[in-house]
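Notes follow the structure.
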Amino acid sequence: MGNNTKFKKRNCGLFELIYDNKKDNFDVTVEIVDAIMGSGKSTEIFKWIDANPNDKYIYVSPLISEVGEGGRVHREVMHTKFHSPNSDDEYKTKSDDLLSLLKRGLNICCTHSLYLMMTSEHLKEIKDGGYVLIIDEELGVVDSYDYFSKSDLDSLIGFGCVKKQDSDGMLVWVGEDKNFDNKSHKYYKLKRDIMNGILYSAKRADSMLVLQLPIKLFTVAKRVIIITYMFEGNTLSSFLNLKGVKCKPFTEIVLPEVDKAEIRKLINIYEVKGKWKQMEKFKFSNTWYTVNGKGNASSVDIKLIEKFIISFARATGATYKELMYTFPKNRNFEAKKVSTVIKPKGLIDREELVFDDDGKECHKIEKVWIATQTRATNDYAHKTHLVHAFNRYPNIAVKSYFQDYGQPIDQDTFALAEILQWIWRSAIRNGEPITLCILSPRMRELFLDWLYDGEKQ
């Protein structure tokens with residue numbers, strides 16, 4: 001996650017949860033299905049559900065195509081009926097319908113975003129109903145918090161309104177001034193977030209704040225299974241460890257070995273040569289792309305990346321339909337706050353007239369810039385030419401927080417897991433060949449080391 005505005009808006013229901021943040025001993029042990037893309041994780045889980053029809057299930061996926069009406073869960077789970085929450089005249093929101101389905105004890109499939117809107121009432125029904133929770137792909141659980149400045153927090157600590165919990169850095173509101181409860185007060189929002197138990201601070205600096213989702217999301221169900229890849233050392237692993245939640249492998253399905261030799265046959269690595277080699281010195285990090293930072297990208301550097309994307313497309317014969325590329329959103333062709341953006345001529349997002357399944361005309365955006373955090377979508381499975389121009393690191397506040405409390409995120413695992421998810425949005429997910437160019441030397445080395453299992457190419 002990188003946008004806490006979205007994070008907060010999407011999860012507003014959870015902010016009404018007041019819960020105990022002490023080191024608890026949770027009964028549930030989270031079970032992890034950790035396997036490479038294309039190994040058939042979801043298919044085998046569906047078979048396992050069918051083989052255990054007496055349990056009640058909640059299946060959570062980021063894809064509406066998986067969990068919506070007529071989606072993959074409904075089609076492939078043959079002996080266990082699932083229900084997808086909907087909004088209609090009876091239930092004004094999907095969240096209302098979800099609560100009704102839980103109260104009736106039905107099997108449910110829903111999106112990540114809907115699951116993250118649950119209130120304490122939803123979670124109580126999950127616990128009382130003895131549900132088995134299956135989460136396909138990791139939920140974003142921690143994000144940076146930058147609504148207020150260091151001086152704002154220093155002021156509140158100085159006034160004796162806020163203190164920090166030693167065990168995990170949770171901020172606790174101890175002030176008694178009722179003026180803060182007025183919605184027009186400068187610190188109303190900050191007090192609300194602190195009171196709701198979602199705001200934490202790193203040890204090294206009180207101003208390094210992070211938002212955290214309630215751990216109850218992973219502890220109220222009778223059983224919790226997470227389907228992912230490269231779990232250990234990543235954000236969710238650190239989060240669960242910090243909260244004292246035990247994890248273990250899920251061993252009730254058998255997945256076939258994926259031969260990386262077969263993957264290698266599908267990937268043509270596009271080498272950066274000639275005048276473009278000067279980009280090897282670029283850092284490609286989020287900080288490097290930031291405007292006006294000392295030693296960061298110049299306008300000339302930014303335009304060189306733009307020219308390279310055009311050159312890549314010409315050399316490989318890729319049109320905007322086959323092409324996808326990534327770099328920070330603040331240099332995207334739609335960015336408003338910078339004077340120099342990456343906007344390769346003829347190779348940006350555009351609206352197209354298409355026909356739906358009923359033959360009706362409709363408009364669709366053919367996206368070319370695909371956010372580096374994108375995962376678990378089939379929308380770009382037709383993309384065959386990829387340029388990755390982003391050297392990825394965990395958010396500094398999130399990384400610092402976990403490191404300070406003894407659960408560091410492995411920054412290389414984080415970067416590799418993310419780039420793999422991004423690459424597997426393309427045609428390779430369907431077993432089709434792709435041409436891939438990774439501009440950051442670090443990211444390229446991480447990927448090739450993974451692809452060749454550490455052997456020299």
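These figures come from a predicted structure and were not determined experimentally. If you read the sequence from its start, that first residue is 1, and numbering goes on from there.
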Is there a side-chain contact between [X] and [Y], using heavy atoms and a 4.5 Å cut-off?
X: Val172; Y: Lys164; answer: no
X: Leu386; Y: Ile434; answer: yes
X: Val60; Y: Thr111; answer: no
X: Ile225; Y: Leu133; answer: no
X: Leu98; Y: Ile108; answer: yes
X: Leu451; Y: Ile263; answer: yes
X: Ile49; Y: Tyr57; answer: yes
X: Leu242; Y: Phe402; answer: yes

Checking side-chain polar atoms at under 3.5 Å, does [X] have a donor or acceptor matched by the opposite partner on [Y]?
X: Arg72; Y: Thr43; value: yes
X: Thr287; Y: Ser285; value: no
X: Thr290; Y: Asn330; value: no
X: Ser400; Y: Gln403; value: no
X: Glu366; Y: His382; value: yes
X: Glu138; Y: Asn234; value: no
X: Asp193; Y: Tyr145; value: yes
X: Ser84; Y: His74; value: yes
X: Glu137; Y: Ser61; value: no

Approximate separation, where rounding is to 0.5 Å, of [X] [atom1] and [Y] [atom2]:
X: Lys124; Y: Leu99; atom1: NZ; atom2: CG; answer: 10.5 Å
X: Tyr289; Y: Ile302; atom1: OH; atom2: CD1; answer: 6.0 Å
X: Arg192; Y: Leu199; atom1: CZ; atom2: CG; answer: 12.5 Å
X: Asp128; Y: Leu102; atom1: CG; atom2: CG; answer: 10.5 Å
X: Ser120; Y: Lys216; atom1: OG; atom2: NZ; answer: 7.5 Å
X: Arg75; Y: Glu66; atom1: CZ; atom2: CD; answer: 8.5 Å

Minimum heavy-atom separation for [X] to [Y], with atom names?
X: Leu255; Y: Gly40; result: CD2-O, 3.8 Å
X: Val398; Y: Asp143; result: CG2-C, 3.9 Å
X: Gln407; Y: Ser238; result: O-OG, 3.1 Å
X: Cys437; Y: Val272; result: SG-CG2, 3.8 Å
X: Cys247; Y: Ile32; result: CB-CG1, 4.3 Å
X: Met279; Y: Leu439; result: CE-CD2, 3.9 Å

Main-chain N/O of [Y] paired with [X] side-chain donor or acceptor, under 3.5 Å:
X: Ser237; Y: Glu232; value: no
X: Asp449; Y: Glu445; value: no
X: Ser100; Y: Asp96; value: no
X: Lys367; Y: Asp349; value: no
X: Tyr131; Y: Leu106; value: yes
X: Asn391; Y: Lys283; value: yes
X: Tyr115; Y: Leu217; value: yes
X: Lys260; Y: Tyr452; value: no
X: Arg429; Y: Gly38; value: no
X: Lys383; Y: Lys321; value: yes

Counterpart residues, ring pair (Phe, Tyr, Trp, His ring centres under 6.0 Å), relative to [X] (two or more places apart):
X: Trp424; answer: Trp450
X: Phe218; answer: none
X: Phe414; answer: none
X: Phe308; answer: Trp276

Test: salt bridge (Lys or Arg N to Asp or Glu O under 4.0 Å). Region: residues 50-59. Which pairs qualify, not counting sequence neighbours? Asp55-Lys222
Count the heavy atoms of every other residue, nucleotide or ligand shown that sit under 6.0 Å from [atom1] of [X], and state whether that count exceeds 12.
X: Lys81; atom1: NZ; result: no
X: Lys203; atom1: NZ; result: yes
X: Asp453; atom1: CG; result: yes

Apply side chain to side chain contact (heavy atoms under 4.5 Å, CB included) to the pair Leu171 and Leu209, showing each step before the final yes or no. CA-CA 9 Å; Leu171 298 186; Leu209 299 179; 3.9 Å; yes
Would Tyr320 and Arg350 count as a side chain to side chain contact (heavy atoms under 4.5 Å, CB included) here? Give the steps. CA-CA 9 Å; Tyr320 72 97; Arg350 67 172 74 176; 3.3 Å; yes
Reference residue His388; test ring-ring contact (aromatic ring centres under 6.0 Å, His included); the match among Tyr325, Phe447, Trp422: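 One option only clears the test, and that one is Trp422.
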Salt bridge between [X] and [Y], side-chain N to carboxylate O under 4.0 Å?
X: Glu280; Y: Arg444; answer: yes
X: Asp412; Y: Arg442; answer: yes
X: Asp168; Y: Lys243; answer: yes
X: Glu31; Y: Arg223; answer: yes
X: Lys103; Y: Glu121; answer: yes

For residues 228-267, pull every pair meeting ring-ring contact (aromatic ring centres under 6.0 Å, His included), keeping only residues two or more places apart or in separate chains.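 Found Trp48-Phe250.
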Is it true that Tyr59 and Phe46 have ring centroids separated by less than 6.0 Å? yes
Is the distance between the ring centroids of Phe284 and Phe282 under 6.0 Å? yes
